[in-house]
Amino acid sequence: MAETIWRPQGRARRSTRALRVRTSAAVLAVVVSAVLIVPPLAQLDQQAVDLAAKLQPPSWAHPFGTDDVGRDLLLRCVYGLRVSLLVGLVAALAATVIGTAVGAAAGALGGRTDRLAMRAVDTLSSVPHLLLGVFVVAVFRPGVWPVVASVAATHWLSTARIVRAEVLSLRGRPYIDAAVSGGASRWRVAVRHLVPGILPQAGLAAVLMIPHAMWHESALSFLGLGLPAHQASLGGLVQGGRGSLLAGHWWPTLFPGRLLIVPTLAVAGLAGAWRERRNPRRRSELTL
Amino acid sequence: MLELKDITAGYDRRAPVVRGAHLTLRPGESLGLLGPSGCGKSTLARVVALLHRPERGTVTLDGHAVTGFSHRAPRSLRTAVGVVFQQPRLAADPRLRLRDLVAEPLRATGRRTEAAARVGELAERVGLGADLLSRRPHEVSDGQLQRACLARALALRPRWLVCDEMTAMLDASTTAALVAVVEDYRDRTGAGLLAVGHDPVLLGRWCGRTTHWNEIVKD
Amino acid sequence: MTPPATPPPVLSVEELSVRFRMPAGRYVEAVTGATFALAPGESLALVGESGCGKSVLASALLGLLPGNAETAGSARLADGLDLLAADERTLARTVRGRRVGLVPQSPAAHLTPVRTIRSQLEETVRELTGTRPPALRAAAEAAAERAAFPASHLDRHPHELSGGLAQRAATALALVGDAPLLLADEPTTGLDRDLVLRTVDELRAHTRADGRALLMITHDLAAAERIADTVAVMYAGRIVEITPAAAFFGSPGPRHPYARGLLDALPERAFAPVPGAPPELGALPPGCAFAARCAAADQLCRTRRPALTGGVACHHA
């Protein structure tokens, strides 16, 4: 038989996706390792005030410049990012846990529980996030935990909705019927079939919520309701640099602001690629 | 004895899809229920499998009047009816390997220890090769997946079987093979069968008696 | 006037193979060396059990294979265009709908649920024929008429249609571009017996009378018998028999043992399954893929793969 000449088929979308994934992962790795490694190794004190070197534009000695009391902005930004990431991570995790629990319970139990839970979600959603956040922060003293609580309390709503919808759609599948017919208890159906089914969605929601929570935290800090001044997060840094902006000093606001955007885009890039890969239609294409 | 009296069922109270259905099956009997698609025969099959609560009417299973359906039905009653659905893709949890799919009813009813041996035996009975057992649903064909779903339905040795369009997606050879598996099981255990479908030739060949949807619903 | 020469085939497939690249450098050979031709007005039914590669063949013809697929051979339309070599742009702009019409497996899923049949037909007519309002309305109605879709139901949404009418709506859409080749992928799965017969009769009418060719992929032998001029039986990615339908379903019957077994499995006949299971497409045996299940298999069958000669690929036919 003559030699068979094979030609590739299908669209070459894979390569651009791979590039996006690699770039996002690399950026995220740099950011995370920076905030993990730099603070313990740093010789400098981020609080070191040097009034002689105040408001210097970016240079080799101070790549991000210095602020109005002469603190190195690069170092301040790394510390700020550390706080922002921590708050974002913990708040997103808490919001996801609350949202998944409420959504799964509403979807799986149905009936009155469902109606009650969803009305509560609707009611809370109708209050502006920031207002609710301000209220939570106002009740406590400024610090990391009130901010986390405030962000978590306002962000579990969307997760609850997503998870509930997912559970409802799974509940109607014949394989749930088959499990019930095979003697599975409610608990077993939930743990064995429903929860694994919603985990990818919930996980994606959680990851996408990290940047969301970071922005929320920054907004609170920018309003002066977030963390105390010595524990500056990125939002706090932007707030701090605002005063010098009018005098033409752009660097104290620009760099912290940009640093907020970078991890956001990286996370969105990774999450988008992951969702594309999980898309059941694309996966089922291989089914013979 | 499996008896349905005056069953009205559906998903919307104002427009039930099944109205006043009557059905009686003696132990060991096989009944083919013919009807056009969308007539409500799948809903009736779910009622018989105790998965769907009818709005009106009574279901009696081996002398027990069934008062609860789905999770509200006692486990011993639920597992007395094995059920196979039309679309194996939707009837299999996409995350489970076929081995776990077949073993699921055994584990759910606390028979973990016998699961491994029993899965092997069931797989052989339905003609599922050992290498297929370690695959997930998206890695096998419709026919192979339906074999696994039938094995799952037989795992708890039900006294009744409900096959809702079990072979609609399958080729002639797989159809004949699965029907042979069901009949072999019934020969050994004396289980009763309700086969729902739309092919009079198939159900006529398969079941002892066939009836048409129009004959079991009142209006 | 000289008598017209035999018209060129609408589709001629030669040595078409499809394989999927799997992790660890393995390949799954889904289709191997498929060769057949379709004349104008001819209906060919491609039958075989699920997983034998027939749907992959259809996807290859429509350029809808996933990214890890590789193809070999050719599938030429009457004008010489090779469907396997054409780029996505050519396929989208000049092939799908225009030169190859697709009759889908589940019409309910194929139709857009939120729009009426009329709006979907009008959109397709506008895209494929360039008809503009005010002629568009009449053109869409004519398209519906051709597939016997009642004009009274044009303003309904897909969920308001019965299975039969949804199938006709999908057929109407497939016919709009007046494609010389219709490709029907399991068009009767899940339909009632009466509806199966009506659907294939309608497809038949659009084929023979209008000089179109039809390639129908199905596991339903009764539907194949009703519609086909030619039957091609696929097993483990290869066409093992290709025969005129009358000879296949009537006398002398299929010649390949697998085809015979498949036909004998029908409830109208012996209702006995072919023993055993098909081999894995990723690990095909060196000889005839059916040998392990075949009563007539001998040493030759297990070592040498039979070629498709005289319409059948069997050492003993």
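Here is the naming used below: chain letters follow the sequence lines, and residue numbers restart at 1 for every chain.
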Give the table of side-chain donor-acceptor pairs shorter than 3.5 Å for residues 125-133 of chain B, with sequence neighbours excluded, one pair per line with atom names and distance.
none

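- Heavy atoms of C/A270 lying under 4.5 Å from chain B belong exclusively to its backbone.
- By the 6.0 Å and 45° rule, C/R168 does not stack over the aromatic ring of C/F149.
- By number of non-hydrogen pairs under 4.5 angstrom with chain C, the leading residue of B/L170, B/L34, B/D142 is B/L170.
- For B/Q87, no part lies near chain C; criterion is any non-hydrogen pair under 4.5 Å.
- Exactly one residue among B/T175, B/T174, B/V140, B/V84 makes a side-chain contact (heavy atoms from CB on, under 4.5 Å) with B/Q146. That residue is B/V84.
- Here the CG-OH distance, from C/L262 to C/Y235, works out to 10.5 Å after rounding to the nearest 0.5 Å.
- Atom SG in C/C294 sits 12.5 Å away from atom OH in C/Y258 (nearest 0.5 Å).
- For chain B, the nearby part of C/E280 is the side chain; its heavy atoms alone come within less than 4.5 Å.
- Most heavy-atom pairs under 4.5 Å with chain C: of the set B/P200, B/A176, B/A180, this distinction falls to B/A176.
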